[in-house]
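What follows is a single structure, written as structure tokens, with notes after it.
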Amino acid sequence: MKMFAKHKLSVLVLVGAWIVVMTVAGCGVRGLPSENPPIHPNPNMDTQEKMKPFRKSEFFEDGLAMRIPVAGTVARGGLRENSVYYTGISKTGDTVKVMPVDLTMELLQRGQQRYNIYCAPCHSRVGDGKGIVVERATQGGYIVPATNLHEPRLLTVPDGHLFAVASNGIRNMAGYKHQISVADRWAIVAYIRALQRAQHASIADVPENVRKELIKQ
């Protein structure tokens, strides 16, 4: 029994010593000052064969990992020669009056879908600025106004202004250029114009072959 107890004690001492060693080693890995290379028993994918900023390169003669792009090359997705299409701003720095895309039924339908997803929660599906987010915020005692897209001033602003706001945001509205593609932002602009036209339409806006049916109703 005494030998068994002595053996058990020795095992516990060894286990305790191992725990202490691993704890100290772990602390070293996590950033304690040391002149020795860090112990990294489980590297996973922490270190990969790739170039990183300011890292020394053994491949290039100058030893620099950061390279100057080859003249005339453009990163994938970075070619944006049509600046008006991508920014809604002309070469003179003004927002373009008319959107640089063809107005089609497909564009309006796409714009309606994207608008209902990204814009309607605040501006509402009809664009009056009374979306569900605004209503719930008001009920909770918060004031989170959303612009009424049918305000007279917005009926005459350039299409490029609406695109720029959707892209970069304005006042308490965040920009959506990272969430919504350029094509979809123009589609939303087209749909906003359709909403505005619907709210301020006259009989002259109705095609002649449809007017008679409306008058009958």
Side-chain angles (χ1 to χ4, degrees), residues 73-138 142 144-215 217:
T73 60
V74 179
R76 180 178 295 179
L79 182 60
R80 298 189 170 187
E81 293 181 317
N82 188 348
S83 60
V84 172
Y85 174 75
Y86 286 101
T87 65
I89 300 175
S90 66
K91 293 181 179 180
T92 60
D94 300 318
T95 51
V96 293
K97 293 183 178 180
V98 181
M99 58 183 184
V101 295
D102 295 331
L103 182 61
T104 63
M105 183 57 68
E106 290 76 17
L107 182 73
L108 288 174
Q109 290 173 343
R110 179 66 177 180
Q112 180 184 34
Q113 182 196 49
R114 298 290 95 180
Y115 175 91
N116 288 340
I117 292 173
Y118 293 101
C119 311
C122 290
H123 295 282
S124 89
R125 293 205 171 197
V126 297
D128 60 2
K130 299 178 181 179
I132 187 66
V133 171
V134 176
E135 289 184 3
R136 292 188 176 179
T138 302
Y142 299 96
V144 186
T147 300
N148 180 354
L149 300 177
H150 304 295
E151 292 180 7
R153 66 181 182 85
L154 293 179
L155 300 180
T156 57
V157 296
D159 291 346
H161 173 78
L162 297 178
F163 179 85
V165 170
S167 303
N168 307 311
I170 189 171
R171 294 185 292 277
N172 63 329
M173 172 185 163
Y176 283 82
K177 62 184 177 183
H178 298 298
Q179 295 92 333
I180 309 174
S181 67
V182 174
D184 284 345
R185 273 176 266 157
W186 282 119
I188 289 174
V189 171
Y191 183 68
I192 289 175
R193 290 309 193 197
L195 283 177
Q196 293 174 335
R197 189 73 174 268
Q199 292 292 320
H200 301 84
S202 65
I203 192 66
D205 294 308
V206 181
E208 292 185 8
N209 61 335
V210 183
R211 294 179 189 176
K212 295 180 180 180
E213 296 297 327
L214 290 177
I215 294 175
Q217 296 177 3

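Nothing here was measured: the structure is a model prediction, and the numbers come from that model.
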> Do side-chain atoms of W186 reach the backbone of P100 as a donor and acceptor pair under 3.5 angstrom?
Replying inline: no

> For the residue pair G160 and T95, what are the closest heavy atoms and their distance?
Replying inline: C-CB, 3.8 Å

>> Are the side chains of I117 and Q113 in contact, using a 4.5 Å heavy-atom criterion?
In response: yes

> Say you draw a straight line from CZ of R125 to CG of N116; how long is it, rounded to the nearest 0.5 Å?
Replying inline: 4.0 Å

> Could you give the distance from CG (L154) to CG (N148), rounded to the nearest 0.5 Å?
Replying inline: 8.0 Å

> Is there a donor-acceptor pair under 3.5 Å between the side chain of H123 and the backbone N or O of T147?
Replying inline: yes

> Taking the side chain from S167 and the backbone from F163, do they hold a donor-acceptor pair closer than 3.5 Å?
Replying inline: yes

> CD/Q109 to CG/L107 distance, rounded to the nearest 0.5 angstrom?
Replying inline: 10.0 Å

> Counting only N and O atoms by type, is there a donor-acceptor contact under 3.5 Å from the side chain of Q112 to the main-chain atoms of Y191?
Replying inline: no

>> Counting C-beta onward and ignoring hydrogens, is there a side-chain heavy-atom pair between I89 and V96 closer than 4.5 Å?
In response: no

> In this structure, are over 12 heavy atoms from other groups packed under 6.0 Å from R193 atom CZ?
Replying inline: yes

> Taking all atoms of both residues into account, what is the closest heavy-atom pair of A146 and C122, and its distance?
Replying inline: CB-O, 3.4 Å

>> Take a 6.0 Å sphere around CG of N82 and say whether it holds more than 12 heavy atoms from other residues, nucleotides or ligands.
In response: yes

> Taking all atoms of both residues into account, what is the closest heavy-atom pair of L103 and A190, and its distance?
Replying inline: CD1-CB, 4.0 Å

> Is there any salt bridge (charged side-chain N to carboxylate O under 4.0 Å, His left out) pair reaching into residues 171-191, and which pairs are they, with sequence neighbours excluded?
Replying inline: R110-D184

> Will you find, in the side chains of T92 and D94, an N or O donor that is under 3.5 Å from an N or O acceptor?
Replying inline: yes

> At what distance, to the nearest 0.5 angstrom, does CG of L149 lie from CG of L162?
Replying inline: 8.0 Å

> Are the side chains of P145 and N172 in touch, meaning some heavy atoms are under 4.5 Å apart?
Replying inline: yes

> Quick one: CD1 on I188 to SG on C119, what's the gap to the nearest 0.5 Å?
Replying inline: 4.0 Å

>> Once rounded to the nearest 0.5 Å, what's the spacing between atom CZ of R197 and atom CD1 of I192?
In response: 16.0 Å

> Angle class for the Y176/Y118 ring planes (parallel below 30°, perpendicular above 60°, tilted otherwise)?
Replying inline: perpendicular

> Taking side chain as C-beta onward, heavy atoms only, is D159 less than 4.5 Å from K97?
Replying inline: no

> Looking only at heavy atoms, which two atoms of G129 and S124 are closest? And how far apart?
Replying inline: N-OG, 4.1 Å

